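Both ligands and their constituent atoms are indexed starting at 1 by order of listing. Bear in mind the structure is a predicted one, so any value in this text is a computation, not a measurement. Values reported hereafter were calculated over all heavy atoms of this structure, with side chains retained and with hydrogens, waters and symmetry mates removed.
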Amino acid sequence: MFYDPREGLRPPLTHNPINALVAPRPIGWISTISASGSANLAPFSYFNAVSADPAMVMFAPNAKPDGERKDTFRNLLEVPQFVANVVSAGFEEAMNATSADFDTDVDEFDAVGIAAVPSRNVRPPRVARAMAALECEVFQFVELPRSRTGRGSNLVIGTVVGIHIAEACIRGGAVDQLSLAQVARLGREDYTIVERIFEMQRPRS
Ligand SMILES: Cc1cc2nc3c(=O)[nH]c(=O)nc-3n(C[C@H](O)[C@H](O)[C@H](O)COP(=O)(O)O)c2cc1C
């Protein structure tokens, strides 16, 4: 089949295929803080690295169904710093619990029972037990075009200013992906975990 997504979904599809076709997507478990000091934690799978050197990442918080800004984005407009905590196997239930639509003044670390520790170079705290976390400063906000339904979305590009990695996840001078066991998002409500790896050398010219 072929269709132009700008014209809406087409049978036999009943689900937007983008989530399934651009997958797996790593999950940035994003912590932010408001100007008054209230912390926030929520998962974003429209999340990825955009540059290794300089180290930069991006994620895209869209608007709530009622058009309001999500707390994460609201906080970033007040304090333009965030931590992208890595979600490893075993953290999926806690991560999912933090995606609930809590009131703005609710700290998801407290509400879900996730231990927080101070970050080194940014104000938002990080997930204490996360195997890895990237401390970031906002480099740029990009307002995306509104969807057919009028829903807004923003791209947040961040410069990484601090990297935490659990010693157990480092082997031979590199990150041991099997120990990190990242959880990633597929289409619908499906997820995958990095547990099978193969190696391939680049062609030599
Ligand atoms: C695995 C997962 C991935 C998600 N990815 C996104 C995303 O990329 N963008 C987005 O706006 N919401 C995403 N959400 C929904 C947000 O986590 C949810 O709207 C949350 O309540 C936002 O929290 P906040 O209002 O505290 O910022 C995702 C939820 C889950 C469970």
Side-chain angles (χ1 to χ4, degrees), residues 5 15-50 57-114 116 122-127 130 133-134 136 138 141-158 180-194:
H15 291 79
N16 186 339
I18 291 289
N19 288 341
L21 296 176
V22 186
R25 292 182 307 288
I27 299 168
W29 203 8
I30 306 290
S31 39
T32 54
I33 198 165
S34 68
S36 62
S38 173
N40 194 90
L41 179 66
F44 293 85
S45 72
Y46 279 80
F47 165 78
N48 221 310
V50 286
V57 297
M58 66 98 209
F59 72 100
N62 56 19
K64 294 187 192 184
D66 62 6
E68 287 293 309
R69 286 175 173 145
K70 291 187 177 175
D71 296 338
T72 299
F73 190 60
R74 192 193 300 250
N75 284 350
L76 288 173
L77 297 175
E78 295 180 3
V79 180
Q81 299 180 329
F82 62 95
V83 181
N85 300 275
V86 168
V87 180
S88 298
F91 288 80
E92 48 285 56
E93 296 291 342
M95 173 279 294
N96 195 32
T98 61
S99 75
D101 189 15
F102 293 102
D103 285 345
T104 299
D105 54 357
V106 170
D107 175 336
E108 286 87 352
F109 283 98
D110 292 340
V112 177
I114 297 164
V122 296
R123 280 181 59 195
R126 62 189 175 93
V127 174
L134 307 174
C136 302
V138 171
F141 294 118
V142 180
E143 190 176 347
L144 300 179
R146 288 186 178 273
S147 73
R148 287 181 81 247
T149 61
R151 195 173 196 183
S153 189
N154 285 275
L155 195 62
V156 180
I157 304 172
L180 196 61
Q182 271 171 296
V183 177
R185 187 83 193 261
L186 305 172
R188 304 187 75 167
E189 305 298 327
D190 295 337
Y191 295 82
T192 187
I193 293 173
V194 175

Open item on the list: Would R25 pass as a cation-pi partner of F47, given that its NZ or CZ must be under 6.0 Å from the six-membered ring centre and within 45 degrees of the axis?
Closed with: no
TODO: Please list, chain by chain and in numerical order, all residues satisfying salt bridge (charged side-chain N to carboxylate O under 4.0 Å, His left out) with D101, sequence neighbours excluded.
DONE: K64
Open item on the list: Parallel, tilted or perpendicular: which one describes the rings of F59 and F44, with boundaries at 30° and 60°?
Closed with: tilted
Task: Flag, side chain of T104 to backbone of D71, donor-acceptor distance under 3.5 Å - done: no
Between ligand 1 and the protein, find all N/O pairs closer than 3.5 Å and give the distance for each.
residue	atom	partner	partner atom	Å
ligand 1	5 (N)	S45	N	2.8
ligand 1	8 (O)	S45	N	3.2
ligand 1	8 (O)	Y46	N	2.8
ligand 1	9 (N)	A60	O	2.9
ligand 1	11 (O)	N62	N	2.8
ligand 1	11 (O)	N62	OD1	2.7
ligand 1	11 (O)	K70	NZ	2.9
ligand 1	12 (N)	K70	NZ	3.0
ligand 1	14 (N)	P43	O	3.4
ligand 1	17 (O)	P43	O	2.8
ligand 1	19 (O)	K70	NZ	2.9
ligand 1	21 (O)	S99	O	2.9
ligand 1	21 (O)	A100	O	3.4
ligand 1	25 (O)	D71	N	3.0
ligand 1	26 (O)	N40	OD1	3.1
ligand 1	26 (O)	N40	ND2	2.8
ligand 1	26 (O)	E108	OE2	3.3
ligand 1	27 (O)	D71	N	3.4
ligand 1	27 (O)	T72	N	2.8
ligand 1	27 (O)	T72	OG1	2.5

TODO: Report the residues that fulfil ring pair (Phe, Tyr, Trp, His ring centres under 6.0 Å) with F73, sequence neighbours left out, ordered by chain and then residue number.
DONE: F141
Open item on the list: For A100, give me all partners under side chain to side chain contact (heavy atoms under 4.5 Å, CB included), at least two apart in sequence or on another chain.
Closed with: F102
